[in-house]
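For clarity, every value in this text was computed on a predicted model and none was experimentally measured. Excluded from the calculations below are hydrogen atoms, water molecules and symmetry mates; all remaining heavy atoms, backbone and side chain alike, are included.
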Amino acid sequence: MKLNLFPSKRIMIVDQQKKRLGRVPLSVARTLVDTKRATVLRKRPTVIKLHTPAKTRSIPVNRPTNPLRNLINTACQFTGRPEVLSSLLFEVVDGRLHVSSASPEASFTGSIEQGHTHGNNSRSICVSALRIKKVLSCCDRRDTLHISDGGIQLGSIFIEGYSPEKFPKIAPPEGRITRSLNIPEITEKLQFAGKALSQKVYNTALRGIYIDLNGNCLAGSDGNRLHVVSIQEQGRNLNGSNNADNGIILPASVLKAAKLHTGAVNIITSKNPKHAQQAAQFPLTVPGCVDCSSVYRAINGNYPQYHEAIPKGFSSTFRVNKQELAQVLHRGLISYATDADSKPIIAHFKSGMLTVEVRTHGRIAFRGKVSGNYSGRPYHGSVDCRYLLDALTTMPGESVDILLQGNPNEAWTLKDDRGYMAVIMPIVSASSVK
């Protein structure tokens, strides 16, 4: 049965329990059926049933940890595009194998005991990261690595290398001042701030995550939204100065290894007033490896005064279960038939209920409701649905507070009980506020 034979232009969609989820455009319904995410339930009136993935029981498998494999895979996350930056540096020093990698904005170094390698002391070689990853995927876990003058022998496979003399290393700023921090739950906080980063090349400062040393916050913004999360500083300045710098902007590549961060951060600032440089060093936890750390060069420039964009004073508050709201927003995204940059939703707050509407071509394509605790006068406004979902999916906890101001053309503020806050600018149009 083909959907293009249906007379209706908008298709009713239901879930597995035949609960109505709303209506979607014909093109969206056709795509859901063609990709087997939905099936035709009734032809007249037109109804399709949305499939939900079946829950599968995962069987835990005890896999042996291979330190060499873990070290190489981690080092490959810090490589760059040019040939000299797309290689790994292997060195055997004092009975340990050291692996290093570098890109224009970050570098990595780590080591393992020599029990996984064979080679003379102080021997080094550079090898393509792409080649060694391919070889490593088909090698036995018990294979050892042998460093020679011409390359690396991994098991029965030889990988040709080149001299390490041209390998770049990111050196910490000279005449430096170091400030030590400890950021609890650093992985979750980096991922939350990273969701709001700008993707535009000309927004240099907004393409990075800002560590506010004075305000003890992590911040990320693209100009239309702002994610801020507090950090509890537990450390001391190694040089006895409490004013090493106001903050540092880290590149987005810090998110690649966010799951390996321990929470410790060393902010390094140069003393040279003419050409100030900054860098951040993160110790990493790589299974089976020791002395693993990454260094990121700071993005030059001043970060905007994000505190000025945070609303102060609210006229109404809506406390809602985060998962229930996310489900309604996901259904709203399904109703969009185009790949437009903006995905606005129209929200109505009244009597403990939030009603979400999606309109296309002046018609209501989707309408969903979610209940919560609402205090204040009735409110209606419009924001980007994707921005709301990004904030909800990266905030911990079960509930979130939506703080609203009096006018629909003012920003929304989302807060939870653990110090996470998102500020989302509204979408003001004639159709969104009717």
Side-chain angles (χ1 to χ4, degrees), residues 74-75 77-78 100-111 169-197 205-221 227-271 276-286 289-303 306 394 396 418-421:
T74 304
Q77 299 181 28
F78 294 83
S100 304
S101 59
S103 68
E105 56 189 19
S107 65
F108 167 82
T109 181
S111 60
K169 291 185 178 180
I170 297 181
E174 297 181 359
R176 55 187 181 175
I177 301 174
T178 304
R179 184 173 181 177
S180 299
L181 308 173
N182 184 30
I183 305 177
E185 301 176 352
I186 187 173
T187 299
E188 292 79 5
K189 293 178 180 180
L190 285 175
Q191 293 175 345
F192 174 72
K195 272 292 186 179
L197 297 187
L206 296 182
R207 287 175 62 85
I209 297 177
Y210 182 57
I211 300 182
D212 186 355
L213 299 178
N214 289 336
N216 288 334
C217 291
L218 281 177
S221 175
H227 286 191
V228 180
V229 56
S230 62
I231 58 177
Q232 298 177 359
E233 179 182 348
Q234 300 174 356
R236 61 183 178 87
N237 187 279
L238 300 182
N239 293 78
S241 174
N242 294 325
N243 296 314
D245 201 83
N246 294 331
I248 180 173
I249 307 175
L250 301 179
S253 57
V254 72
L255 301 172
K256 293 182 179 180
K259 294 183 179 180
L260 304 177
H261 290 168
T262 63
V265 186
N266 293 325
I267 308 297
I268 306 170
T269 306
S270 66
K271 293 182 179 180
Q277 293 181 339
Q278 284 185 302
Q281 183 181 26
F282 293 84
L284 303 180
T285 302
V286 182
C289 307
V290 294
D291 299 333
C292 296
S293 64
S294 58
V295 178
Y296 296 88
R297 284 178 176 171
I299 298 177
N300 295 327
N302 296 323
Y303 201 79
Y306 67 92
T394 52
R418 302 176 64 176
Y420 290 74
M421 179 177 62

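- Residues Ile249 and Asn300 fail the side-chain proximity criterion, which asks for heavy atoms closer than 4.5 Å.
- The two atoms that bring Thr269 and Gln278 nearest to each other are OG1-NE2, 3.5 Å, heavy atoms only.
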Show your working on side chain to side chain contact (heavy atoms under 4.5 Å, CB included) between Leu190 and Leu218 and close with a plain yes or no. CA-CA 8 Å; Leu190 285 175; Leu218 281 177; 4.1 Å; yes
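- In plain terms, the two heavy atoms of Val295 and Ala279 that are nearest each other are CG1-CB, 4.2 Å.
- Classification of the Tyr296-Phe282 ring pair by plane angle, with boundaries at 30° and 60°, yields perpendicular.
- Side chains of Ser253 and Glu105: a donor on one and an acceptor on the other come within 3.5 Å.
- The two atoms that bring Cys289 and Cys292 nearest to each other are CB-SG, 3.6 Å, heavy atoms only.
- Of all heavy-atom pairs between Leu197 and Gly220, the closest is CD2-CA, 3.9 Å.
- Residues Thr178 and Asn266 have side chains that never bring a donor and an acceptor to within less than 3.5 angstrom of each other.
- Here the closest non-hydrogen pair linking Ile267 and Ala280 is CD1-CB, 4.1 Å.
- Side chains of Lys189 and Ile183 form a contact here, defined as non-hydrogen atoms less than 4.5 Å apart.
- Minimum heavy-atom separation, Ile299 to Pro251: CD1-CA, 3.8 Å.
- Without hydrogens or angle criteria, Ser293 side chain to Pro283 main chain gives no donor-acceptor distance under 3.5 Å.
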Quick one, Ile231 with Asn182, criterion side chain to side chain contact (heavy atoms under 4.5 Å, CB included). Give me CA distance, side-chain angles, the key distance, then yes/no. CA-CA 8 Å; Ile231 58 177; Asn182 184 30; over 6 Å; no
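- Residues Tyr306 and Asp212 bring a donor and an acceptor atom of their side chains to less than 3.5 Å of each other.
- The aromatic rings of Phe108 and Phe78 lie parallel to each other, with less than 30° between the two planes, well short of the 60° mark.
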